[in-house]
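Sequential numbering from 1 along the given sequence is applied to the chain's residues. Indexing begins at 1, ligand by ligand and atom by atom, following the structure's order. Scope of the values below: all heavy atoms of this structure, side chains included, with no hydrogens, waters or symmetry mates.
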Amino acid sequence: MRILTGIQPSGTPHIGNYFGAMRQIINIQEKGETFVFLADYHSLTTSPEPAQLRANVLELALNFLACGVNTEKSTVLFRQSDVPEVCELTWILNNVTPVGLLERAHSYKDKIAKGFSPNNGLFSYPVLMASDILLYQSNLVPVGKDQKQHLEITRDIAIKFNNQYGEVFTIPDELIPEEVAIVPGTDGQKMSKSYHNTIPIFGKEKEIKKAIMNVVTDCKQLEEPKDPDTCNVVALYKLVATPEELEEMKAKYRAGGYGYGHAKLALFDKLWAYFEPMRKRRAELEQNLDYVWEVLRKGAERARAEATVTMAKVREAVGLR
Ligand code: ADP
Ligand code: TRP
């Protein structure tokens, strides 16, 4: 079974990325050969500074390795652009992709609404994503809930191609963790780099504390009873606390006499302790960047071997060879 996922190197990774995507990969990676790539071609759709993009790729590789992606055993970690065959496949798949399918993509509509220029890269983003998945004949794609539609588009494209040209592609399934769903940001919206509402995984103590202190709550006074089920602090605490600790906090909310400041400090302590081993591993890796680049080089070599096999079939099927 081939498991595959990608994350865009588009900024400092946050705990939404960790709980929504990275942790799943780490938990599932023993179940089959797992391909994890840094989606730098996708990042180009929002025109990052070149130096920033390069720095973000390294940052993300460090984060994956620090968080427990096991490249010695089961996981192939690589940079998307080290396997440029994916662009060739994108071009070929463009020709079986109805424009209407892309026009319905929420992520495209959201980006435009947020003021990004509607360039063709942004528009055909889902076709590049389909190519990522289909190029490596992936069976299972762990992603956050927001990527569900992209997986549906991928299946539509794969089925259309297979119907037209013969069975070339494996039809993939998404794997979306129900219990995490969407991690809220400090403003209560979905946590996202583009909303400036993130809690970084590897920020400085002061920075993380400040972000947590800024989490929005209602204006209830210290002594008033509070509703734990609608509170962003509790939603975040749930990610790092044991079920008993969570119940304890909820009881304190309901009883009153427990302020949001208290809850935020409890959240900070848990979160800081949760990521302690990963911070340590990351510091070690930072001292050994040659090792990190070597992991990416070897990963690309392995991925490319797979890409070569699929592309030979695709070119044959469509009449390019
Ligand atoms: P961002 O929204 O910050 O730009 P990305 O779009 O790069 O994050 O997302 C990378 C991965 O992390 C995706 O699989 C996505 O579904 C997941 N993810 C991002 N934000 C969240 C969140 N707030 N809750 C759950 N998963 C998330
Ligand atoms: N679009 C995904 C995101 O923003 C990243 C991504 C690109 C991806 N290619 C992929 C995820 C292939 C899974 C499989 O989160």
*asked:* Using the ring centroid of each side chain, check whether Phe37 and Phe64 are separated by less than 6.0 Å.
replied: no
_Residue Ile133 vicinity, atoms of ligand 2 by number, heavy atom under 4.0 Å_ = 12 (C), 14 (C)
_Within ligand 2, which atoms have a heavy atom of Leu4 less than 4.0 Å away?_
14 (C)
*With backbone taken as N, CA, C and O and side chain as the heavy atoms from C-beta onward, which portion of Leu128 lies under 4.0 Å from ligand 2: side chain, backbone, both, or neither?*
neither
*asked:* List ligand 1 atoms under 4.0 Å from Gly20, heavy atoms only on the residue side.
replied: 25 (C), 26 (N)
*Only counting residues at least two apart or in another chain, list the ones meeting side-chain hydrogen bond (donor to acceptor under 3.5 Å, both in side chains) with Lys270.*
Glu245
*Can Glu306 and Arg302 be counted as an ion pair, charged N to O under 4.0 angstrom?*
yes
*Interfacing atoms of ligand 2 (cut-off 4.0 Å, heavy-atom, Thr5)*: 11 (C), 13 (C)
*Would you say Gln147 has any N or O atom under 3.5 Å from an N or O of ligand 1, going by distance alone?*
no
_Closer than 4.0 Å to some heavy atom of Gly144 - which atoms of ligand 1 meet that?_
14 (O), 16 (O)
*May I ask you to list the atoms of ligand 1 that are less than 4.0 angstrom from any heavy atom of Ser192?*
1 (P), 2 (O), 3 (O), 4 (O)
*Are any of the N/O atoms in Lys145 less than 3.5 Å from those in ligand 1?*
no
*Ligand-side contact atoms (ligand 1) for residue partner Ala21, heavy atom cut-off under 4.0 Å*: 11 (C), 12 (O), 14 (O)
*Hey, which atoms in ligand 1 end up nearer than 4.0 Å to a heavy atom of Met191?*
20 (N), 21 (C), 22 (C), 23 (N)
*Indicate yes or no: does an N/O atom of Asp132 lie under 3.5 Å from an N/O atom of ligand 2?*
yes
*Going by the order shown, which atoms of ligand 2 are within less than 4.0 Å of some heavy atom of His42?*
7 (C), 9 (N)
_By the definition side chain to side chain donor-acceptor pair (under 3.5 Å), identify the one residue from Asn70, Thr71, Thr75 that meets it with Gln29._
Thr75
*If we only count N/O pairs under 3.5 Å, is Lys193 in contact with ligand 1?*
yes
_Part of Asp146 with heavy atoms under 4.0 Å of ligand 2, whether side chain, backbone, both or neither_ = neither
*Is there any N or O on Gln8 that sits under 3.5 Å from an N or O of ligand 1?*
no
*Under 6.0 Å between the ring centres of Phe19 and Tyr274?*
yes
_Residue pairs, two or more places apart or on separate chains, that pass salt bridge (Lys or Arg N to Asp or Glu O under 4.0 Å) and touch residues 51-67_ = Glu59-Arg282
*Ring geometry between Tyr165 and Phe161 (parallel below 30°, tilted from 30 to 60°, perpendicular above 60°)*: tilted
*Going by distance only, is there an N or O of Tyr125 that falls short of 3.5 Å from an N or O of ligand 2?*
yes
*What are the atoms of ligand 2, with element, lying closer than 4.0 Å to any heavy atom of Val143?*
11 (C), 13 (C)
*What atoms of ligand 1 come within less than 4.0 Å of a heavy atom belonging to Ile182?*
24 (N)
*Taking the six-membered ring for Trp and the single ring otherwise, decide whether the centroids of Tyr108 and Tyr125 are under 6.0 Å apart.*
no
_Residue Phe37 vicinity, atoms of ligand 2 by number, heavy atom under 4.0 Å_ = 9 (N), 10 (C), 12 (C)
*Which of the atoms of ligand 2 are close to Gln8, meaning less than 4.0 Å from one of its heavy atoms?*
4 (O)
_At under 4.0 Å between heavy atoms, is it the side chain or the backbone of Gln147 that contacts ligand 2, or both, or neither?_
side chain
